[in-house]
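Input: one structure, supplied below.
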Amino acid sequence: MLQFPIYLDNNATTAVDPRVLETMLPYFTTQYGNAASRSHPFGWVAEEAVDFAREQVAHLIGAVKQEVVFTSGATEAANLAIKGVYEMYAGSGNHIITCVTEHKAVVDTCLHLEKKGAKVTWLPVNEQGLISLEALEAAITPQTILIAIMYANNETGVIQPVREIGHIAKKHNVIFCCDATQAVGKIPVNVLEDEIDLMLFSAHKFYGPKGVGALYVRRKSPRVRLAAQIDGGGHERGMRSGTLNVPGIAGFGKACEICSEEMHSEAPRLSALRDKLEQGLLQLEAVKLNGDGAPRLPHTVNISLNYLEGQTLIMSFAKQIALSSGSACTSASMEPSYVLMAMGLNDMLARNALRMGVGRFTTMAEIDYTIDTITKAVLEMRAISPAWEAYKHGI
Ligand SMILES: *Cc1c(COP(=O)(O)O)cnc(C)c1O
């Protein structure tokens, strides 16, 4: 039996894995110490839990535990990374290179710094959503202190050539910050092989709790230094003060451990579900697969539909199928997706996108139901659409 609504919005957030929840529970009830309390067992137990989780997190991304700074999520980590570099390296320059399709956490942080005097280069993307490596290298000046390019896009799942970007950054001695929030836990991410200096990610995108994330901060070649953005008790080696969210961090660690162990078998299962969904919906006429031909995450599909009103379509089956038209932040505003616009889509196609992310708990029966339901809804809407009628008559 199907359970409704079917959840296909795993790029917005995921369910907490029961194994993660189980790991977290004792830190709410019996083991509730403050990880910074040094004078009694409550504190020692909490600190041990945080230390263990830090290992688990570091292991998933090929880092060492001293390089992991816990935050409240990827947005906070983006602010710490970008503002932290901008302030710390002010003596070396004020130029930041980023990309127009970044998540708002990065875009808005860069806009904030632009107002404060930073010079920001906004790299465009091609129709597949990819930046040009030549344009990236050409944009570097002696003033460049930071390159901030994401690993994989949250709307399209398109994966940037991260290793090549890391290589270019290293060659020019520029710090490379990567928003890997959608990639971590889904595909292998290794900060050493990818030559990443700063990397942000978030537990709730891979079956951990909301409100916990991390910033990876490289410790050698080069040692990256950051100006703290939250001052206080000097937690997280002074980079992020505030009492640690011990249950959340324990869950984050467990979520990382599960991904380390299961990603290799989970990714092909997810991509089989995703491919079925994608192929099913591509049977419809006048649809466009966004990011077609580019490397993409295994679980994400983004399709634009011509000649109908996307928001009306999504609302017509919202009680049965939970999906979104773009990112959770922009879909509320009814604006066309800036990510899809940057990929050259017209206003109609950029508005009428269906973004679907399958997840650990998605079943093939749910995918079959989804294909059927969306197909029927599209055909029904188009049957009464004058624009569709005109298109069919070649006007
Ligand atoms: C979800 C997401 C974020 C924000 O993460 P939070 O932990 O919710 O702040 C940033 N970047 C990308 C690519 C995301 O998908």
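Sequence positions, counted from 1, serve as the residue numbers for this chain. All values reported here derive from a predicted model rather than from experimental measurement.
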Taking only Lys NZ, Arg NE, NH1 and NH2, and the carboxylate oxygens of Asp or Glu, determine whether Arg296 and Glu278 approach each other closer than 4.0 Å. yes
Residues 232-241, side-chain donor-acceptor partners within the protein, below 3.5 Å, at least two apart:
from   : atom 1 : to     : atom 2 : distance (Å)
His235 : ND1    : Gly242 : N      : 2.9
Glu236 : OE1    : Arg54  : NH1    : 2.9
Glu236 : OE1    : Phe70  : N      : 2.6
Glu236 : OE2    : Arg54  : NH2    : 2.8
Arg237 : NH1    : Gln66  : O      : 3.0
Arg237 : NH2    : Gln66  : O      : 2.7
Arg240 : NE     : Glu76  : OE1    : 3.4
Arg240 : NE     : Glu76  : OE2    : 2.7
Arg240 : NH2    : Glu76  : OE1    : 2.8
Ser241 : OG     : Gly232 : N      : 3.2
Ser241 : OG     : Gly233 : N      : 3.4
Ser241 : OG     : Gly234 : N      : 2.8

Donor-acceptor pairs under 3.5 angstrom involving side-chain atoms of residues 176-185: please list them, not counting sequence neighbours.
from   : atom 1 : to     : atom 2 : distance (Å)
Asp179 : OD1    : Thr181 : N      : 3.1
Asp179 : OD1    : Thr181 : OG1    : 2.4
Gln182 : NE2    : Asn11  : O      : 2.9

Set of residues satisfying side-chain contact (heavy atoms from CB on, under 4.5 Å) with respect to Glu114, sequence neighbours excluded: Leu111, Val120, Trp122
Show me the side-chain donor-acceptor pairs of residues 340-351 shorter than 3.5 Å, one per line, residues at least two apart or across chains.
from   : atom 1 : to     : atom 2 : distance (Å)
Asn346 : OD1    : Met348 : N      : 3.2
Asn346 : OD1    : Leu349 : N      : 2.8
Asp347 : OD2    : Arg351 : NE     : 2.7
Arg351 : NH1    : Met334 : O      : 3.0

Hydrophobic cluster identity match, Leu270 and Leu289, side-chain contacts under 4.5 Å: yes
Answer with yes or no whether the hydrophobic clustering places Ile196 together with Leu133; edges join I, L, V, M, F, W, Y residues whose side-chain heavy atoms lie under 4.5 Å apart. yes
Taking NZ, NE, NH1 and NH2 as the nitrogens, is one of them in Glu257 or Lys254 under 4.0 Å from a carboxylate oxygen of the other? yes
I'd like to know if the side chain of Arg274 reaches the main chain of Leu297, judged simply by a donor and an acceptor atom lying under 3.5 Å from each other, with no hydrogens or angles considered. yes
Same apolar cluster: Leu354 and Tyr7, side chain cutoff 4.5 Å: no
Quick one: do the Glu155 and Ser337 side chains pair a donor with an acceptor below 3.5 Å? yes
With sequence neighbours left out, what residues match Met381 under side-chain contact (heavy atoms from CB on, under 4.5 Å)? Leu308, Glu309, Thr312, Leu313
Output yes when a side-chain donor or acceptor of Ser260 lies under 3.5 Å from a complementary backbone atom of Cys256, and no otherwise. yes
Qualifying side chain to side chain donor-acceptor pair (under 3.5 Å) pairs with a residue from residues 202-215, counting only residues at least two apart or across chains: Thr13-His204, Thr13-Lys210
Those residues at least two apart in sequence (or on a different chain) that pass side-chain contact (heavy atoms from CB on, under 4.5 Å) with Pro222 are Lys170, Asp197, Arg218, Val224
Salt bridge (Lys or Arg N to Asp or Glu O under 4.0 Å) involving Glu137 - partner list, sequence neighbours excluded: Lys171
Below 4.0 angstrom, N of the basic side chain to O of the carboxylate: do Glu67 and Arg219 qualify? no
With sequence neighbours left out, what residues match Phe201 under ring-ring contact (aromatic ring centres under 6.0 Å, His included)? Phe252
Looking at Tyr391, I want to see if its OH is surrounded by more than 12 non-hydrogen atoms of other residues, nucleotides or ligands under 6.0 Å. yes
Results of salt bridge (Lys or Arg N to Asp or Glu O under 4.0 Å) for Arg38 - residues two or more places apart only: Glu47
Partner residues of Phe42 under the ring-ring contact (aromatic ring centres under 6.0 Å, His included) criterion, sequence neighbours left out: Tyr32, His40
Ring of Phe317, cation from Lys376 - is the NZ or CZ under 6.0 Å from the centre and inside 45° of the axis? no
Is the number of heavy atoms from other residues, nucleotides or ligands under 6.0 Å of His172 NE2 greater than 12? yes
Would you please name every residue forming a side-chain contact (heavy atoms from CB on, under 4.5 Å) with Ile145, sequence neighbours left out? Val85, Tyr86, Tyr89, Ser92
If you measure from the Lys or Arg side-chain nitrogens to the Asp or Glu carboxylate oxygens, is any gap between Arg382 and Glu285 under 4.0 Å? no
Would one find more than 12 heavy atoms of other residues, nucleotides or ligands at under 6.0 Å from atom CD of Glu262? yes
Go through the side-chain N and O atoms of Tyr151 and Asp194 and say whether any donor and acceptor fall under 3.5 Å apart. yes
